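Heads up, the thing below is written out as structure tokens.
Keep in mind that this is a model prediction, so the values were computed, not measured.
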Amino acid sequence: MGYRFSRWNAQFLRVKGPRLRYADAQTHGSPGRDDGQTPCCPWKRRGGVAVTHGCPNVLLVATGMWVPNTPDFPGSEHVEGYESVSVDPADFVGQTVLILGRGNAAFETADNIVGVTNFIHMLSRSRLRLAWATHYVGDVRAVNNAMLDTYQLKSLDGLLEGDLANIAIVQDRKGKLHLRLRFHFDRNNASQDVLNSNDQRLLSVEEADNFSVRQPYDRVIRCLGWNFDFSIFNNLTKPKRGRGRTNKYPLVKATYESESLPGMFIIGTAGHSIDYRKSAGGFIHGFRYTARAVHHLLEHRYHGTTWPATTLPIIHLTNTIIKRINEASGLYQMFSVLADIVLLQKNATEFEYLEEYPIGALPHLQENTGRNAANGLFVINLEYGSNFSRPEADVFHPSRSVGEPRHAWLSNFLHPVIYFYKRLPTETEMMQRPKLWPLPRPHYIHHVVEDFLTDWTAAKAHILPLRRFLENCLGTDLRSFFAESCFKFALTNPHVPPFCHHGYLNMQGLLDVEIF
């Protein structure tokens, strides 16, 4: 896949010609103002960054995450990196291996050599997170977790928890690697030359004689993930880091624009700080949709092009939503990050339908899209149950799913949730939203009951409850009628349903045809 993607990039560059520059290194520079009036120098960049030709007002940073996470502790020079270690199992025959890390890279490495090694230990500061429990595709996938069997079924392999800042690795005279606690290592090192001591002294008297990792290792492999390369920028153009556990990413807004540098957009896997450990923005099946969203945002900001939308009569609202929740791949992959927006027109006779808008930027929808949200809006999102995605969750318990529409709000698996707002939420409301909620409290909310087949087309379980919810929000009748019923409505009521108004009364119903 990587080869085909590289070929596509090369072909795209040839078509666009001088308007783009890709994968060329230049000197450090400073950003220009958003108004384009301040002269600027080119930005320094390395492979994987494409920007507009000359002095750009916009910089798209797509360098990915490629700097290995390399912690510094005594003996870390003896550690091999995931990026360079051999992938040939023959190089590990009969060896005892310690793997630092507990993500997919660590388990992938273990799975590759588990059949030929003496045994494998895996050390990480945090507990194991399985993707099927957290519903985060970056956690350990079932295809890589064969070592869990060899650990729990007593085949000598094992998993341990410990902070890497508290360990030390000592190499003895035979080249074997010993894992020791940093506290004991520092104490011994202060009183003697540990590296020159005999093998017996490598296990200090303060440590228990049943210390879990008392056996030496032939190799220690680091599989601790990757960081964003901030060194490609100078101090003036360097974006701020994310906060907390997203510190390895640049800090970006919900629109993927740098918090500290207007005009710099972090796209691709490097923009994953928005949905880290939540959705699929760090992976190509997710960030292909977020990159498209950034394209629409830039089109409006710099070219005045409104966000693409479809305008339809209100009678088509139910069917339009049903079609999207059953077919939209962007909503499905980037759940709770990208959402569809329905903007009601005056008197709710028509609506505009916007696809895959960044949900975190909802308070700024009008300025980001050029669309009017003054008459109310619906937000169509896909969500898991609020307590269903945790490392310790039992996702296989017997009552894990519901099937009755009246229990739809208890749905655990990914299902559509429709929010109705009479006005756009404010930035303050967005920041103060309830814990684990992707959006502020709406005026009305509707859960479409989860479906085993992910097929929300059942007339009674899915469509009817949704239509009645929309009718309650709009105060109108969204049903379809035959011409005879519309005729009776016109004779007996001062107001007819929208279907009759747009069809029968405008002579747009079915015409009589003569059958031969």
Below 30° counts as parallel, above 60° as perpendicular, anything between as tilted: where do the rings of [X] and [Y] land?
X	Y	result
Y136	H272	parallel
W226	Y82	perpendicular
H135	Y384	parallel
H285	F283	parallel

For the pair [X] (side chain) and [Y] (backbone), establish whether a donor and an acceptor sit closer than 3.5 Å, ignoring hydrogens and angles.
X	Y	result
N381	S336	yes
R129	P391	no
R467	L478	no
N104	R141	yes
W456	I463	no
E367	H364	no
R324	I321	no
R400	F396	yes
E383	H415	no
H443	K422	yes

Would you say that more than 12 heavy atoms from the other residues, nucleotides or ligands in this model lie under 6.0 Å from the CH2 of W409, or not?
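Result for CH2/W409: open.
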State whether the number of non-hydrogen atoms from other residues, nucleotides or ligands found under 6.0 Å of K248 atom NZ is greater than 12.
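Check passes, neighbour count above 12.
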Check whether any side-chain heavy atom of [X] sits under 4.5 Å from a side-chain heavy atom of [Y], and report yes or no.
X	Y	answer
Y353	I380	yes
E355	P308	no
P425	L439	no
L464	R468	yes
S273	V252	yes
T237	L59	no
P440	Y421	yes
V342	I418	no

[X] versus [Y], closest heavy-atom pair with distance:
X	Y	answer
A270	Y249	O-CD2, 3.5 Å
R479	F499	O-CB, 3.3 Å
L365	T369	O-OG1, 2.6 Å
V337	S279	CG2-CB, 3.7 Å
P239	F230	O-CE2, 3.5 Å
L317	F378	CD2-CE1, 4.1 Å

Do R301 and E257 meet the salt-bridge criterion of a basic N to acidic O distance under 4.0 Å?
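Result for this pair is yes, salt bridge flagged.
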Derivation of the side-chain contact (heavy atoms from CB on, under 4.5 Å) call for V449 and H407:
CA-CA 7 Å; V449 68; H407 298 146; over 6 Å; no
As a quick check of understanding, evaluate side-chain contact (heavy atoms from CB on, under 4.5 Å) for V448 and F469, giving each step before the final call.
CA-CA 10 Å; V448 180; F469 167 74; over 6 Å; no
Pairwise distance [atom1]([X]) to [atom2]([Y]) - rounded to 0.5 angstrom:
X	Y	atom1	atom2	answer
Y419	C473	OH	SG	13.5 Å
D139	N145	CG	CG	12.0 Å
F351	L343	CZ	CG	10.5 Å
F287	D275	CZ	CG	11.5 Å
N368	K253	CG	NZ	9.5 Å

Could you go through L344 and F420, starting from their C-alpha distance and side-chain angles, then the distance that decides it, and tell me whether this counts as side-chain contact (heavy atoms from CB on, under 4.5 Å)?
CA-CA 11 Å; L344 300 175; F420 175 67; 4.0 Å; yes
Distance-only donor-acceptor check, side chains T457 and D455, under 3.5 Å
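Side-chain D/A pair, T457 to D455: present.
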side-chain contact (heavy atoms from CB on, under 4.5 Å) evaluation trace for I314 with T349:
CA-CA 5 Å; I314 199 69; T349 56; 5.5 Å; no
Result of checking R102, R125, R127 against E161 for salt bridge (charged side-chain N to carboxylate O under 4.0 Å, His left out)
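Among the candidates, only R102 passes.
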Aromatic ring proximity F452/F413, centre distance under 6.0 Å
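Judged by ring-centre distance (under 6.0 Å), F452 and F413 do not meet the cut-off.
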